There are 2 protein chains.
Amino acid sequence: MGLSIGQVAERTGLSVHALRFYEKEGILAHQVHRGPGGRRVYTQQDIDWLRMCIMLRMSGMPVPEIRRYTDLVRQGDGNELQRLDILKEHQERVAQQMVRLQECMDLITRKVGIYQDYVNSIAAKAVGQ
Amino acid sequence: MGLSIGQVAERTGLSVHALRFYEKEGILAHQVHRGPGGRRVYTQQDIDWLRMCIMLRMSGMPVPEIRRYTDLVRQGDGNELQRLDILKEHQERVAQQMVRLQECMDLITRKVGIYQDYVNSIAAKAVGQ
DNA sequence: GTACGAACTAGAGCCGTCTCTAGGTCAAGA
DNA sequence: TCTTGACCTAGAGACGGCTCTAGTTCGTAC
């Protein structure tokens with residue numbers, strides 16, 4: 001049940017380049033096992049971890065911070081408070097980002113409404129003529 | 001009531017560098033007026049426009065697309081449908097981004113909860129001892 | 001008149017995040 | 001045997017979005 005880098009790329013949506021990049025950046029929880037010929041063999045755990053990393057990246061956590069978190073996990077038990085701090089801090093940032101996004105959305109929606117009304121009124125006139 | 005680039009930087013949160021950069025990139029709706037000595041003089045309109053650009057940027061609209069929108073506005077009446085298209089497309093992207101962010105948030109919140117419980121249980125034990 | 005601070009321009013540099021290249025290995029199939 | 005395709009490494013390159021530098025010009029205050 002080991003997967004090649006290509007298969008993992010396929011089912012995570014990351015490129016093989018990105019997968020090697022992430023590994024080089026040290027954001028994989030455990031060293032990827034190597035098969036014959038030095039090829040990477042990923043486990044389901046690796047994929048689960050990658051999916052979490054993707055979530056963190058998607059929500060704007062920088063690679064170095066993911067690495068810090070990963071390092072803590074690698075070090076094992078005893079540093080849960082530090083992990084919690086990182087997660088909470090990020091949670092706060094994401095919350096702020098969501099608020100900001102919502103503000104942008106409101107503005108855009110207002111503008112879309114205005115333009116839509118205008119375009120409709122023009123269309124109505126054209127029909128009337 | 002014209003404002004210097006420094007004043008505009010102060011009240012928009014952009015750097016003077018960024019303001020010049022935006023201008024060079026052509027995302028200001030109207031040419032910035034120049035005062036004595038060739039210095040930029042911004043009007044309230046400019047600031048309003050900038051604030052909208054900031055919103056668009058914040059929500060992930062790339063500079064070239066803001067420029068396209070700006071160009072349409074500069075060209076004047078008659079292209080409202082195109083402007084509407086750009087805005088609607090962006091609106092869709094922002095909506096998707098919000099959904100994705102919410103998913104990330106859910107994951108993070110779940111993890112924070114788990115770690116919090118764990119940390120609490122450790123703390124309780126420590127007190128018990 | 002000179003020093004200071006804020007502005008000007010053109011263009012180089014930086015940062016983060018990939019993405020691609022070059023040159024090579026390996027296994028399986030025609 | 002030759003080809004193909006997926007993989008390997010190290011390192012260069014691309015891209016977006018600023019950010020900074022160098023050298024200059026102003027206007028005002030001492």
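All figures in this text were calculated on a predicted structure; none of them were measured in a lab. Letters go in sequence order (proteins before strands), and every chain restarts at 1.
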Sugar-phosphate only, base, or nothing, as touched by A:Arg20 at under 4.0 Å among non-hydrogen atoms: base

From A:Leu28 atom CG to A:Arg67 atom CZ, the distance as rounded to the nearest 0.5 Å: 12.5 Å

d(CD, A:Glu65; C1', C:dT17) in whole Å: 16 Å

Distance in angstrom units between A:Glu10 CD and D:dC7 C1', rounded: 15 Å

Side-chain N,O (A:Arg39) to OP1/OP2 (D:dA6) below 4.0 Å: no

Between D:dC7 (P) and A:Glu23 (CD): distance, integer Å: 14 Å

Value in whole Å for how far the C1' atom of C:dT9 lies from CG of B:Leu19: 16 Å

Nearest-neighbour nucleotide for the A:Pro62 side chain, C:dT17, C:dA7, D:dT9 considered: C:dT17

Side chains of B:Thr43 and B:Asp46, donor plus acceptor under 3.5 Å: yes

Side-chain ion pair, A:Arg74 and A:Asp71, N-O less than 4.0 Å: yes

Upstream residue (5' side of DNA chain C) when B:Gln7 and A:Met61 are each assigned their closest nucleotide: B:Gln7

Below 4.0 Å: OP1/OP2 of C:dA6 and any side-chain N or O of B:Arg40: no

N or O in side chain of A:Ser4 less than 4.0 angstrom from D:dC7 OP1/OP2: yes

Touch class at under 4.0 angstrom, heavy-atom based, for B:Val16 against every strand present: nothing

Nearest-Å distance for atom pair CD/P, residues B:Glu25 and D:dT19: 14 Å

Closest-nucleotide ordering on DNA chain D, the 5'-leading residue of A:Ile5 and B:Val63: A:Ile5

B:Phe21, nearest nucleotide to its side chain (from C:dT19, D:dT9, D:dC18): D:dC18

Contact under 4.0 Å: B:Arg34 side-chain N or O vs C:dT9 OP1/OP2: yes

Between P of D:dG16 and NZ of B:Lys24, the distance in whole Å: 15 Å

Between P of C:dT19 and CZ of A:Arg57, the distance in whole Å: 11 Å

Atom pair CD/CE of B:Gln97 and A:Met98 - distance to nearest 0.5 Å: 10.0 Å

C:dT17 phosphate, OP1 or OP2, under 4.0 Å from A:Tyr22 side-chain N/O: no

Whether A:Trp49 and A:Tyr69 hold their rings parallel, tilted or perpendicular, with breakpoints at 30° and 60°: parallel

Nucleotide of D:dC20, C:dT19, D:dG27 approaching A:His17 most closely (side-chain heavy atoms): C:dT19

